[in-house]
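What you are looking at is a predicted structure, and each value in this text was computed from that prediction instead of being measured. Below, all heavy atoms of this structure are taken into account, side chains as well, without hydrogens, waters or symmetry copies.
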Amino acid sequence: MIRQFAIASSVCCAIGAATGLTACTDHFDLDALHNTSRLVVYCFPSQADTTYISVSNSVGVSKATDTRKANLLRDARVSYSVNGLPRPVHQLADGTCFVTGGHQAGDRVTLLAEHDGYGRAEAATTLPQGTAVELRQVRTITEYDNSWGDTRQFCQIAATFTDPAESTDYYAVRVGISSDETTVPTSRWATIAVGDEPLLNRLSAIDEDFGFENNFYQDIYFFTDKDINGRQYTLHLNIATSQLPQHRDNPRLQVVLYRLTPDYYLYLKSINDIENNELAQGGFAQLTPVYCNVSGGLGLVGAYWAAHSEWMSAYDDNNNDPEQ
C-alpha cells in the first residue's frame, strides 16, 4: 500500500514533467526547456523496506515531433545516501532503480543522478514523524449528492488523529476497501465525497462559478493543519455504498493517514490545481506549472510516513447492511 501511494502519484504525474512543462522552485525558463533535455527524477522515501527511484529524461515542447521519447535511463548513475551514509542502488529490468532498508523519522535522504547526455540532478528530503490515526466509527447516512442530483447512501467514516502543536504539518488521507474479512493490505482505494469534511471541501460557490473543481487526483486527499494546529481532530469521510463489494458478506474499511514533507504537499497541490482548473485548461487563465524540487533537473524527491488504522466493518453500528 505504501509503494502504491508513491508510485501512483509519481509515475502518472511524471507525464507533465516529461513534456518539459514543469516548474521548479528555482527560475522557470520555458524557452530553455523547449530546446534542452534534462533529467527527471522521482523518489518518495518512507518507512517501507524498499524505496523506488525513477530517472528519465524530459522532452522539450519544440521537440514534440522528435523520434526521441522520455524513457527510464538504464545508464544513469544514481547515488542514494541516508544521513550521509551511502546505500547500494539496484536496478530492475525496466530501468527502475531501488534501494533496500527502511528509514526512521528524521532521516535525511540525499539523491544524486548523473547522465552523460542529460547532466546532473540532485535533491534531498527529510522523513517526517508519523501521526497515528484511529478509525472510531462507521455509520450509514443518506445525503443529497449534487453531482448525481439525487440522494445517495454513504458509509461515513470517523477517523481521529492529534496534530502536533509545535510544527506546521501536511497530510494526505486515503480509505482502503477490503473485499473480505481478512485484515490484509488492500489495493483498492475509495473515492471520498468531501462535502462533510471542511479540511477537504475548499471550494466556494464563486470558485465553482469560475470553473474550478474539487476533485482529488488518484484519490489522494491532502490537507494542512492550518485550521487544526495542535488539536485532536476527527475527519468525516463519506464513501458511497455503491463502491463496496456486493459479493461478500462483510466488506471492511481502513484509513491511512500520510504525513507529508512540504515539498510533497506542494507537488500534489500543483497537480490538483491543474486538474481542477477548467478555464486554464481551455486557455482562458494562467496554468500553474507542476511543482518540483530537483536542482539541475525536474521531478520531485519528497518523503512521507504512513499510519494505518485498524480495519472496521463497513456496516453501521447496528450491524445493518448499508444497502438495505
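- With R108 as the fixed residue, the side-chain hydrogen bond (donor to acceptor under 3.5 Å, both in side chains) test singles out one of T125, N83, T126: T126.
- Residues P45 and T51 come closest through the heavy atom pair CA-CG2, 3.9 Å.
- The ring pair (Phe, Tyr, Trp, His ring centres under 6.0 Å) check on H236 picks up nothing, with sequence neighbours excluded.
- Between the R87 side chain and the G101 main chain, a donor and an acceptor come within less than 3.5 Å of each other.
- At distances below 3.5 Å, at least one donor-acceptor pair connects side-chain atoms of N272 with backbone N or O atoms of Y217.
- Ring centroid separation for the pair F44 and Y304 does not come in under the 6.0 Å cut-off.
- With hydrogens and angles left out, the side-chain atoms of D94 and T96 include a donor and acceptor closer than 3.5 Å.
- Residue L127 comes nearest to S46 through the heavy atom pair CD1-CA, 3.6 Å, listed as atom of the first residue, atom of the second, then distance.
- Among pairs with a residue in residues 154-170, those fulfilling salt bridge (charged side-chain N to carboxylate O under 4.0 Å, His left out) read D169-R259, at least two apart in sequence or across chains.
- Under the salt bridge (Lys or Arg N to Asp or Glu O under 4.0 Å) criterion, E114 pairs with R120, not counting sequence neighbours.
- Using the six-membered ring where Trp is involved, Y171 and F223 have ring planes that are parallel, under 30° apart on the 30 and 60° scheme.
- A pairwise comparison of heavy atoms in L260 and P128 identifies C-CG, 4.4 Å as the closest pair.
- In this structure, the side chains of N238 and E197 stay at 4.5 Å or more apart for every pair of heavy atoms.
- In this structure, the side chains of C97 and Y80 stay at 4.5 Å or more apart for every pair of heavy atoms.
- Sequence neighbours left out, not one pair with a member in residues 224-235 passes salt bridge (charged side-chain N to carboxylate O under 4.0 Å, His left out).
- Side-chain contact between R152 and S242: present, with at least one pair of heavy atoms (C-beta onward) separated by less than 4.5 Å.
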Verdict with supporting geometry, L111 and V294, side-chain contact (heavy atoms from CB on, under 4.5 Å)
CA-CA 9 Å; L111 178 62; V294 176; over 6 Å; no

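- Side-chain contact between T160 and Q232 is present, with heavy atoms from C-beta onward closer than 4.5 Å.
- Panel note: side chain S295, backbone A123; no donor-acceptor pair is recorded below 3.5 Å.
- Note on L112 and L300: separate hydrophobic clusters, where clusters join Ile, Leu, Val, Met, Phe, Trp and Tyr whose side-chain heavy atoms are under 4.5 Å apart, directly or indirectly.
- When all heavy atoms are compared, the tightest approach of A132 to L257 is O-CD2, 4.5 Å.
- With sequence neighbours left out, Y221 forms a ring pair (Phe, Tyr, Trp, His ring centres under 6.0 Å) with F216.
- In terms of heavy atoms, S178 sits closest to P245 at O-CG, 4.3 Å.
- A donor-acceptor pair under 3.5 Å links the side-chain atoms of S309 to the main chain of V255, judged by distance alone.
- Classification of the Y233-F161 ring pair by plane angle, with boundaries at 30° and 60°, yields perpendicular.
- Expressed to the nearest 0.5 Å, how far CD1 of I239 lies from OG1 of T191 amounts to 7.5 Å.
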Before you tell me yes or no, could you show the steps for T100 and D49 under side-chain contact (heavy atoms from CB on, under 4.5 Å), namely the whole-Å CA-CA distance, both residues' side-chain angles and the distance that decides it to 0.1 Å?
CA-CA 6 Å; T100 57; D49 291 336; over 6 Å; no

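- In this pair, Y265 and F222 present their aromatic rings perpendicular. The plane angle is above 60°, beyond the 30 to 60° band.
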Quick one: do D196 and I141 satisfy side-chain contact (heavy atoms from CB on, under 4.5 Å)? Show the steps, please.
CA-CA 11 Å; D196 288 339; I141 63 173; 4.0 Å; yes

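- Scanning all heavy atoms of the two residues, the minimum distance from L253 to I177 falls at CD2-CG1, 3.8 Å.
- For Q91 (side chain) and R74 (main-chain N/O), a donor-acceptor pair under 3.5 Å exists by modelled atom type.
- With ring centers used as reference points, Y291 lies 6.0 Å or more from Y267.
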Begin with the C-alpha distance, continue with both residues' side-chain angles, and end with the deciding distance and a verdict on side-chain contact (heavy atoms from CB on, under 4.5 Å) for Q47 and W305.
CA-CA 6 Å; Q47 74 267 42; W305 198 276; 3.4 Å; yes

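- For T162, there are no side-chain hydrogen bond (donor to acceptor under 3.5 Å, both in side chains) partners at least two apart in sequence or on another chain.
- Between the side chain of D219 and the main chain of I192, no donor-acceptor pair closer than 3.5 Å is present.
- For the pair L237 and L200, the minimum side-chain heavy-atom distance is below 4.5 Å.
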